[in-house]
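Residue numbers begin at 1 in each chain, while the letters A, B, ... track the order of the sequences. From a predicted model like this one, the values you see are computed outputs, not experimental measurements.
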4 protein chains.
Amino acid sequence: MRKTPTQARSRATVERILEAGRQVLIDDGYETFSTNRVAVAAGISPGSLYQYFSDKASILDIVISRYWEDVSERTAAALALQASSSTGTPAIRSVADALLAGLEQDPALLRVLTEELPASRNRDRHAALVNRVRDLTAAYLRAGSDAMTRPDPQITAWVLVVAMENVALRWVLDRPPYPREAVLEEMVALTAGYLGHATS
Amino acid sequence: MRKTPTQARSRATVERILEAGRQVLIDDGYETFSTNRVAVAAGISPGSLYQYFSDKASILDIVISRYWEDVSERTAAALALQASSSTGTPAIRSVADALLAGLEQDPALLRVLTEELPASRNRDRHAALVNRVRDLTAAYLRAGSDAMTRPDPQITAWVLVVAMENVALRWVLDRPPYPREAVLEEMVALTAGYLGHATS
Amino acid sequence: MRKTPTQARSRATVERILEAGRQVLIDDGYETFSTNRVAVAAGISPGSLYQYFSDKASILDIVISRYWEDVSERTAAALALQASSSTGTPAIRSVADALLAGLEQDPALLRVLTEELPASRNRDRHAALVNRVRDLTAAYLRAGSDAMTRPDPQITAWVLVVAMENVALRWVLDRPPYPREAVLEEMVALTAGYLGHATS
Amino acid sequence: MRKTPTQARSRATVERILEAGRQVLIDDGYETFSTNRVAVAAGISPGSLYQYFSDKASILDIVISRYWEDVSERTAAALALQASSSTGTPAIRSVADALLAGLEQDPALLRVLTEELPASRNRDRHAALVNRVRDLTAAYLRAGSDAMTRPDPQITAWVLVVAMENVALRWVLDRPPYPREAVLEEMVALTAGYLGHATS
DNA sequence: TATGAATGAGAGTTCATTCAT
DNA sequence: TATGAATGAACTCTCATTCAT
């Protein structure tokens, strides 16, 4: 402890700033997100922010990155796990479930990130998620290719991911009057029909 | 709009402002969209903006409305036309085609609207489009219900529209390396599989 | 009529503008008094205002002048009439009454003129009123000088007018909870005591 | 005030702003009083104003408050002191003197405040002053009521204060050609006559 | 290192006035 | 003469960033 007192303190300050940034984003929205607000929320002075972050954008960047990495991690984990341990519609259901769960986990931040931030801000992080899931899906499709009716696993994976993601996203954010279970069922049906599986 | 322009000159000015607004949006992006920039781009003085528009937001509103009305009009027209004149996969293909075409028509503005504006700005307009298409789709599903394998046309229509929209949107904006024809084919397969049609 | 059709129309327009100016002043207050508003209220175009008035100030000037001339006329008339036809406290009461009546006649405009306009705007007009009343008062004092206990009619007249005016003005505008009759009585007592008259 | 300045530097800045506000008011008048002018006069940037003042009005408010508090303090102090230590005309003279002195102390600012500001801006502050003096006067009248010839101390005090205030104010601002001594004498006579005292 | 005072460019907006029609 | 579109300087206010302490 003695060795790195300032480093430990620094790290704590950085965390305080990031958490404050997250809160300000959720509470006040993106348009009123300002370095001064973040500084106040973090209990430090505006000048001190610049000891740890080069500018406003870099605070945002990290808050955003963390969020999407979280979602990505969770979803990919579920996918890796379920896809290998099961096949057919049970596997599909597990993945869809993981996707919903990933997005449901912090809807307040999700809303701000997807509805208030310029999408370009999320772009790279979000693309990374999509690609990751897409590649895993493609691999999975190739593996169980016997039943597949689509010719190109790449494009099929892309279509699936893009379609599923939006269904999950809109359901979480817009809360249309359909129960989670029903939406999950439809997502499975959509995927299974597309891939040529029989839905029981 | 503040004043209803009666003279030809003022109607021309309003058009110049709106077109300038569109250009500034495309060229400079949403974050730097400012009344002064619009005025310069329109070749008028800042004060003149306020003869016809109550504030910055109302200029944006109209630029946005016009865009989505355009897309909505085109897509719905195609849907109404094609869906009635054909059935099965040809009809589905027509609708997917209309959707793609609608979004392809002004991709630069589409990009700014969907990627840079806070989604809340598009929200109502966009929701109107989605609802319109969803209701048409639901009606269509009910009509040809014989072949339908899904239990609830409402939720099925919603899932379809949300899924299709994102596939079309991401393809237009992200330009993944898949030819239009192939994507269209996948969209049809996705829909047909979901609805239980046989894909020839 | 034929000879001066435009002149007659002009005159009517000028009147419309002045009346509109008065109304805008009363309804919207001085701070939001603008040439555009006046033009709208007068039912003419902003450009036309400048056919008849050189600028915003000159409209205001005339509205103000008219008001104070009105008050001045009424009060002076009463003073001239009453002061000659009676003497002692009855005359004083008449004058005070005239003063109150003059200010009571258009309190809405009075309020705006005295409370919202920079006093400098009223200055000359108001000074004219004060001087007029002061001179009449001085003359009156000189005439009935037998009873007078003050040495200099000029200063005495000035003090009287300034004091009375404010009592009347504040009573009309601030509406303190004293009946008109009582205030009148006090004004008479104040004057009579000052001039050395016996109050019955 | 937005922020409570803690450092000596910032307290100095606040003072500089207020003094600059006072100067701009005196030099340029109320109509051209602008935050930019104040900032320039204070030798600071426009943004710095807003560290300590929420808006333009709040700067004005404090400049105005300070002025009237000063006048009020001085006048009331004189009144409290003199009125108790003496009686009859000497006491009256002291009060009138205090009133004149209070208003004479910063005539340039007094002029702007009373002649250029919408009266509503001074209203509360000014009313506070009037009420304070009126109540002190009423109390004084009740105390020495033996000689009083007026029935209601409240209304009498109000009339006195309103009348006296205007005599003093107009003398300070309009500088009529009467020596201070003479005006004081008349004020005493006016009051004494009104209250039924004998003027020596 | 931490502070918080200070910065200043640039934002949105108004309105008295001008001028082409 | 009358119109109303157009002007543009000036306004109030914000906030990412810097810098003296």
Side-chain angles (χ1 to χ4, degrees), chain A residues 5-6 9-10 13 32-40 43-57 59, chain B residues 3-14 16 31-39 42-59, chain C residues 5-6 9-10 13 32-40 43-57 59, chain D residues 2-14 16 31-39 42-57 59:
Chain A
T6 54
R9 196 144 63 93
S10 287
T13 306
T32 50
F33 179 91
S34 79
T35 50
N36 287 343
R37 259 173 219 250
V38 173
V40 168
I44 61 171
S45 77
S48 297
L49 273 188
Y50 289 83
Q51 224 89 51
Y52 303 100
F53 295 91
S54 59
D55 56 10
K56 175 170 124 160
I59 300 174
Chain B
K3 219 189 254 181
T4 319
T6 56
Q7 299 185 0
R9 183 160 59 126
S10 57
R11 239 171 302 135
T13 302
V14 168
R16 289 236 302 290
E31 301 244 290
T32 50
F33 180 90
S34 80
T35 52
N36 285 346
R37 260 171 218 251
V38 173
I44 61 171
S45 81
S48 296
L49 285 183
Y50 291 87
Q51 298 263 358
Y52 306 104
F53 298 94
S54 57
D55 54 12
K56 176 170 115 155
S58 75
I59 300 176
Chain C
T6 53
R9 195 145 62 95
S10 287
T13 305
T32 51
F33 179 91
S34 78
T35 51
N36 287 343
R37 258 172 218 250
V38 173
V40 168
I44 62 172
S45 78
S48 297
L49 273 187
Y50 290 83
Q51 224 89 52
Y52 303 101
F53 296 91
S54 59
D55 55 9
K56 175 170 125 160
I59 302 174
Chain D
R2 217 170 222 184
K3 218 189 252 180
T4 318
T6 55
Q7 298 184 2
R9 182 159 62 125
S10 57
R11 240 171 301 135
T13 302
V14 168
R16 288 237 301 291
E31 301 243 290
T32 50
F33 180 91
S34 81
T35 51
N36 284 347
R37 261 171 218 251
V38 173
I44 62 171
S45 81
S48 295
L49 284 184
Y50 291 87
Q51 297 264 357
Y52 306 104
F53 298 94
S54 58
D55 55 12
K56 177 170 113 153
I59 300 176

Can I get a per-line list of side-chain donor-acceptor pairs under 3.5 Å for residues 45-54 of chain D, giving both atom names and the distance, sequence neighbours left out?
residue, atom, partner, partner atom, Å
D:S45, OG, D:S48, OG, 3.3
D:Q51, OE1, D:K3, NZ, 2.6

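Taking atom CG of residue A:L49 and atom P of nucleotide E:dT1, one finds them 15 Å apart after rounding to whole Å. The CZ-P distance, from C:F53 to E:dA16, rounds to 15 Å in whole Å.
Taking both residues in full, the closest heavy atoms of C:T35 and C:K56 are given as CG2-CB, 3.7 Å, listed atom of the first, atom of the second, then distance. Shown here for D:R16 and D:I44, the closest heavy-atom pair between the two residues is NH2-CG2, 3.5 Å.
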In the 5'-to-3' direction, what one-character label does each nucleotide of nucleotides 14-20 of chain F receive under the scheme B = base within less than 4.0 Å of a protein heavy atom, S = sugar-phosphate only, - = no such atom? BBBBB--
Would you sketch DNA chain F in dot-bracket for me? Only Watson-Crick or G-U wobble pairs with both distances under 3.5 Å count, crossing pairs as [ ], other-strand pairs as |, the rest as dots. .||||||||||||||||||||
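Nearest nucleotide to the side chain of D:T13, out of F:dA6, F:dT3, E:dA6: E:dA6.
Of the side-chain N and O atoms in B:S45, one or more sit less than 4.0 angstrom from OP1 or OP2 of F:dT7.
Legend: residues meeting side-chain contact (heavy atoms from CB on, under 4.5 Å) with B:A8, ordered by chain and number and at least two apart, are absent.
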